[in-house]
Structures are given as C-alpha cells and as structure tokens.
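Structure first, commentary second.
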Protein chains: 2
Amino acid sequence: MGRGGVVWASSHDSGRGNRRRWKVPRAEAEWYGPHWKRFQWRFVRSGEGHMSRTTIKDVAAEAGVSLGTASRALSGNGSIAAPTRERVLAAARRLNFVPNAQAGSLRSERTRTIGLLIPDIRNPFFAELAHVVERSARSEGLSVMLCSADEDPQQMHDYATVLRRQRVDGIIVAPFSTARDSLRELQGSGTPLVFLDRTIPGMGVPAVVSDTRDAIADAVRYLVDQGAHRIGYISGPSETTTGVERLAEFRAAAAASGVDIEIAHGDFQEHSGRLGMRSLLARGVDGVLASDSLMTIGAFKECRAAGVKPAQDLPFVGFDDIAPFALLQPSLPLICQDLHSMGAAAVQMLLTQLGGVTSSQELRLEAHLKLPSGSEADSAQPIDPHHHES
Amino acid sequence: MGRGGVVWASSHDSGRGNRRRWKVPRAEAEWYGPHWKRFQWRFVRSGEGHMSRTTIKDVAAEAGVSLGTASRALSGNGSIAAPTRERVLAAARRLNFVPNAQAGSLRSERTRTIGLLIPDIRNPFFAELAHVVERSARSEGLSVMLCSADEDPQQMHDYATVLRRQRVDGIIVAPFSTARDSLRELQGSGTPLVFLDRTIPGMGVPAVVSDTRDAIADAVRYLVDQGAHRIGYISGPSETTTGVERLAEFRAAAAASGVDIEIAHGDFQEHSGRLGMRSLLARGVDGVLASDSLMTIGAFKECRAAGVKPAQDLPFVGFDDIAPFALLQPSLPLICQDLHSMGAAAVQMLLTQLGGVTSSQELRLEAHLKLPSGSEADSAQPIDPHHHES
DNA sequence: CTGTTAGCGCATTCAG
DNA sequence: CTGAATGCGCTAACAG
C-alpha cells in the first residue's frame, strides 16, 4: 500500500519508462488550494502501480498505432478499422487506461457533465428528484454534479460559480427568485439552463414544473366534504413560483367552493410548518392544507403537540408523497407530484438545448390528490416484492 | 436570450476581437457523446454576452500585463506586487472571468474536487451524511461529486471509473465488499480513499465508522427490561461490515443477557425489513431490533400490517435517528449514530491523505441508544426556533 | 482509414 | 517582480 517514497509525479512513467525526462521541479510541495487553507500536496507513489498516469500515448505505443488513431478508437469518433480498434481497446484494457476527462474537455469544450442545483438534499422531495435526474442523466452518458444549496441564496450563487468553473455542459436548477442575478450570470455565460420544480418567469429559461391547480381544487373540495368551513393554508415563500402559484390556486379554489380561508405564510421548512399550524389552529380553522412536504411534517407535528389528531380530528391534506408519510397511520391525504417524469423531462430538455435548440418552453405535469386507500388500517395488503414502497 | 445565430465557437472572442483567427471547422456539428446517443452540439451565441469564453489571456490584456502575471495574481501563487494584483483582479471582475477548472487541473494535477460514493441518496441516512460531507468539503474549498450507486455494485464500479476519469483528488466511499475489485483499481490508480460508515478490512484504507457495540448492548438490555425473552434481530447483508459487525455485537449482547434470539437476514432495504419482521413474528419473538433505518421502516410497516403496534404491543428498537421517525407516535427507541462527526472526520481524513500522509487508521465513533423522552405524548414541548428538528 | 500536427486554457518554469 | 516560453493529455483538423 501507499508506503513507498514521497515522489513528485514527474510526467508519467507507467512502468515502461519512456517519455522525455523532466527536470525535477524546484519545490517539493505544491500548494493545495489558492486562498483556502494551504497544505502540502505530494504524490505518494506505490511502487509501480500508478496506472492512472497512463496516457493515451502509452496506449497508442502499446497498440502500435499513432496517438490520433488511439484517440479515435477510444472515443468512438471518426472512422477506424475494426481490427485496429480492437487492438487499441485491448491495449487500453491491458494498461488499465482511464482517459483524463480534463484534457478531453479542454479540447472538446464538452465535459459531459451537468450540474444539478437544489435547495437541500436532506429534503426527501429533492433527494428523490436528484435520484431521478441522476439516473436519467446517467442513461444519457452524463455525469451529474450535485450541489445542495442549503436553502441559502448565497450558497446557490457560490455553487453557480463552481459549476461555471467546472464548465459543466448545462445546469438543472430549482431556483429561488433571489438567485436571479446568479442565474443571469450563468445564462450570460452561455450555460444551458433548465428550471425544475420552480421557475423564474421572464428569464426565458425552459422549465419543468407541476401543475397543481386541479389537485389543489380537489383538495379544497375534499376538505369541504370533510366538513370544513374555514380552511387554513400554509403557504410557501413568495420567493418561489411554487409558493406564489399554489397560494393563488388555493385562493381560487376556495372562492369557487365558497369557504372561508386563513393563510399562514411559511418558507418550505419544517419549522414554518409548525408555526403555521399553530397560528391556524389559534385562528380556529377546521381544515388545513400544507403546500409542501417539509411544512406538512411540521404542521403534522404541531397538530399532535396541540393534542389534535391530524386527518382525524382535523381534516388535513399534505403535500408530496415522500417516503416518511407512509409511516403514518391513518395515512394522510396527499397532493402528489410526478417526480419521476419531472426529473426525466428536465434532463431531456437540457439535452435538447445541448443539441443547439433554444426554447423557453414550460412543461407542466399534472399533480393529483391521493386519498387514503382503505382509510383505517391498510393492513394485510400484499407486499410487492420489488418496488420500494414510497 | 439565446436567439441569434448558431455559431461555432471559434476560439474565443470575448467582444474585444483579438486572438489568432481560425479556420472554420469543416463540420458544423460535433458529436455529443461517443458511444451514447449522438446528437448535434452547437454553441448558441447570444449577441456579445458569451462571457464565459473569456480566458485569462483576455484578463491579462485588459490589465496590461502578461499571461503569467495574470495567472499568478489570480491563483495567489508566486509573488506579485500588490497594485499589479489589484489591477488584474479588477480586470477579471470587469470581464466576469471565471477560470477554466479543466485547464487548471490539467496542468496542476489537482482538481480540487472529491468524489462521494454512496449506496443510495434516497436513504435519509446517506442523504444526511452527504450533506455533512459536502458541507465540510466546501469549507475546505473542495467540490464534491456525489454518486449514488443505487445499491448496485455494478453501478458503483461505473462510478468509480467516472470519478477516476474526472481525476478527482480523492474519494470518500461507503462500500459494498463486492465492490472490492473496483476499489482496488481506484487504489491502484493512486487515488486517495477513505471509507465511511462501512469499511473493507485488509485494504489498508482509512475509515470512519460507528462503534455500535455498546449501543446494541444497551438496546438488548432495554428490550429485556421491556419483558422480552426471545429477541428478533433483522440483520444487514453480510457484504457489509456494518451488517456483519452489528450482528456479532447483537449475538454477544444477547448471550450476555441470556435471552433467546432469532435472526432474520436482510439487505438494508425497506422491503427486507418487512419480510424480516414477518418472519420474526411468525417465529414468536417478543422483542425486535432492526439494524438500519430502511429496514426499521419496513419492519415498522409490517408490524402494523400484522396488527401489532411496534414499541407498544411489541418492544422494538430501530436504527438511526432519521427525520421520518420524528413523525411516529409514540416515538421509537433508536440507536443513533453521530452522522455529523462521521462526515466531518471523513473529509479531514481525506485531506490528511491529500497532504501526503498515508495511514490506514480506523476511527470509530460511538453510537448510542436514544429512548423516547416522555414516553407517551411528547406534547407541548417548546419549539426551538432555529434548529431543524430531525 | 491512419499518421501528423496544432493547440484547448492555464500553471509553471526560466530569464531578465 | 514580471514576461516569455513550455507543455499537461487529449481531440480534431489535415494530409497522405
């Protein structure tokens, strides 16, 4: 194992000494990091086995072809005689060659990597979304750089710069409106963008969002059916389109149903769900709709803390069909988004842009209200052997 | 935006025409992707605003210094007169210059990026862990490439290659033992590695893991106190150290307590938690310990499906203090790991290796048993205004 | 089809 | 302290 001397990796010597010789660099240690904590950086070589320093030149030599030919064989571009390709591939395998993406990107101006910028990976909604995006991207041969902004616009801005520095081919982002400037910068730098879940109107960026209008109307009707006359709504922040739109949709639906409403303004965080529910309970509502998953959790907890059984004592509709909710009993009525389609569509949209087609299309995928199936005790239902129940 | 002609980005022309002129490339379109779906790739220029193509040369020109000087000013390496540096930085800002990480890495052999390879981002345990790692790395100026292997060794292998291709400076990984070969390859390529949560013995890779021995012993004692005589245990897969060790620890603890045991073998997935609980119930256990969060969820669901109230009718201890569990009432006794320290320590360990120090140290952080606080109804507890309750 | 050649943008020598 | 020159590993034009 990495015992063995501390050696500065001079060029590469993949075991079969070749390559021009190097003057030994003056300094023995480089700095790791510019204005960050600096520490020494040295390569620790373990005997011969430093295979990753193998270059395409080594492969070419091994296969007895020129560098260019090796490149074509490995990348699959350009025309190559089948036997030649095989020879090169064999050589590459023998040498355990893995191409240097940096070098390739530098030349080709493509990194085959996309960025995914989300508010918080700890939010199950975004974790699931990230998973789907990553999966879709992968199936297109793209790597994903996942950046979780911790619900902080500043951090989102920092990450935007990181992604720019990495020259990702494109970025999928669930934005705050307060991140508008950062995103404009990205846009100005020519990076293809796609908005996911949320959007910022007027930026001309294509988006994939949920259409919650009908689902919210259904939810309101459901609450009314449950006997609600005064429906409380825990809204998202006005910095997000989802916050604004869902609230408007709720107002419209309530007006249509002729019920009274009470609004509590939240921020898509669990804590604001608690506060919102507390406030609504104090205002004497007899039905509640929470407009995102984390606030649903908060509202739920607060309810119980107040001795009110949500969905039993108090008609209640939550948001997003995230895994945790499956633990609840009786299960909650939920507004469900089609996460899977959303993620996949976002990747496709980005791909379209990478293909040179610009658009500012907005794809709206319908959400729906999901009611508790058997109401009480959904027991004895068979376990489906392979699908993760979520 | 992005209307405007389709132009092949010939070199760069950041608005202030300079730079050698180029022969217009023969083909108008490049291929995006080698053996993947191929599609055309073109740069869509929007007027002048293609600022990201600004290079350090442009900055140098703008500041009236040479390329090398600009580089030193921007990277902070080498010596530079303060006024010169200021001039360069100002120019960079004016041009909205963002350095090309690819180019820098190619030269410096450092990407300032680390890989994080986890089994599944949808698992709240790993989502939280990823969040911590990402945060720690960020504070050290490192970007994280997050790869979620979907509990699939093949996929883990693919990602290992991706990370190698990207020449990440190091990798933090929660491995399967079946991924041993992939990891050996990584190791052989000289990539610094750190194991997190799980480890693979004998590879000489430093690791950060939980020490669950005492917590598991406490859990067994707790179950016995609750009246259990025949304790069921839902174990993780033998492909993971956590699966093996926890089982051994459980056996030892049970032997010490003199209770009977029943083992159900699972795979750290929710579904196996259900099956495991089903099997254990059939075997007449009167107390259950599940050895990871997802299986805890599964076991919990199965219990209820069988009409048994976990932690009420049946003494039950779950694993990991993940957010969903806070929704349960009465709350579950849980074995809690110190996620935060684990993630931070892993990053520090990787940093140490990047600094040239090799070690195969194993850091074990103690887990602990957390019992329900007020048992019944933890109501009316004050809301702490800023901490996300998890 | 294959070999040759010229840089991608930057960090890092070496002279001055 | 600064400018000039070199090449990281690879892709893509070009010529045979």
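All values below come from the heavy atoms of this structure, side chains included, with hydrogens, waters and symmetry mates left out. Within every chain, numbering begins at 1; the chains are lettered A, B, ... in the order of the sequence lines, protein sequences first and strands thereafter.
With C:dT2, D:dG9, C:dC10 as the candidates, the nucleotide lying closest to the side chain of A:I80 is C:dT2. When distances are taken from the side chain of B:S108 to each of D:dG9, D:dC1, C:dT12, the shortest belongs to C:dT12. Distance from the side chain of B:E109 is smallest for D:dG9 among the nucleotides C:dC1, D:dT2, D:dG9.
For the pair B:L74 CG and D:dT2 P, the computed distance is 14 Å after rounding to whole Å. Atom CG of B:N100 is separated from atom C1' of C:dA11 by 13 Å (rounded to the nearest Å). Taking atom CZ on B:R107 and atom P on D:dG9, their separation rounds to 10 Å, with Å as the unit. As rounded to whole Å, 12 Å separates atom C1' of C:dC10 from atom CD of B:Q102. Rounded to a whole Å, the CD1 atom of A:I56 is 20 Å from the P atom of D:dG7. In this entry the distance linking CG of A:L106 with C1' of D:dG7 reads 12 Å, nearest Å. Here D:dG9 presents its C1' atom at 14 Å from CZ of B:R165, a figure rounded to the nearest Å. Straight-line distance from the CG atom of A:L95 to the P atom of D:dG9: 14 Å, rounded to whole Å.
Taking all atoms of both residues into account, the shortest heavy-atom contact from B:C147 to B:L163 is SG-CD2, 4.0 Å.
Regarding contacts with the backbone of C:dT12, a side-chain N or O of B:N77 is found under 4.0 angstrom from either OP1 or OP2. At least one side-chain nitrogen or oxygen of A:T84 sits closer than 4.0 Å to the OP1 or OP2 atom of C:dT2.
For the segment residues 65-73 of chain B, the set of residues with a heavy atom within less than 4.0 Å of an atom of DNA chain C comprises B:L67, B:G68, B:S71, B:R72, in numerical order.
At a cut-off of 3.5 Å, with distance as the only test, a side-chain donor of A:S66 or A:T69 sits close to an acceptor on the other residue.
For A:R138 and B:D158, the salt-bridge test passes: some basic side-chain N is under 4.0 Å from an acidic carboxylate O. Here A:E109 pairs with B:R53 in a salt bridge; the nearest charged N to carboxylate O distance falls below 4.0 Å.
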Original post:
Would B:R135 and A:D150 count as a salt bridge (Lys or Arg N to Asp or Glu O under 4.0 Å) if you check the C-alpha gap in whole Å, the side-chain angles of each, and the deciding distance to 0.1 Å?
Top reply: CA-CA 9 Å; B:R135 208 180 167 72; A:D150 224 355; 2.4 Å; yes
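Residues satisfying the side chain to side chain donor-acceptor pair (under 3.5 Å) criterion with B:R94, sequence neighbours excluded, are B:E62. For the side-chain contact (heavy atoms from CB on, under 4.5 Å) test, residues two or more places apart in sequence or in another chain that qualify with A:S359 are A:P206, A:Q361.
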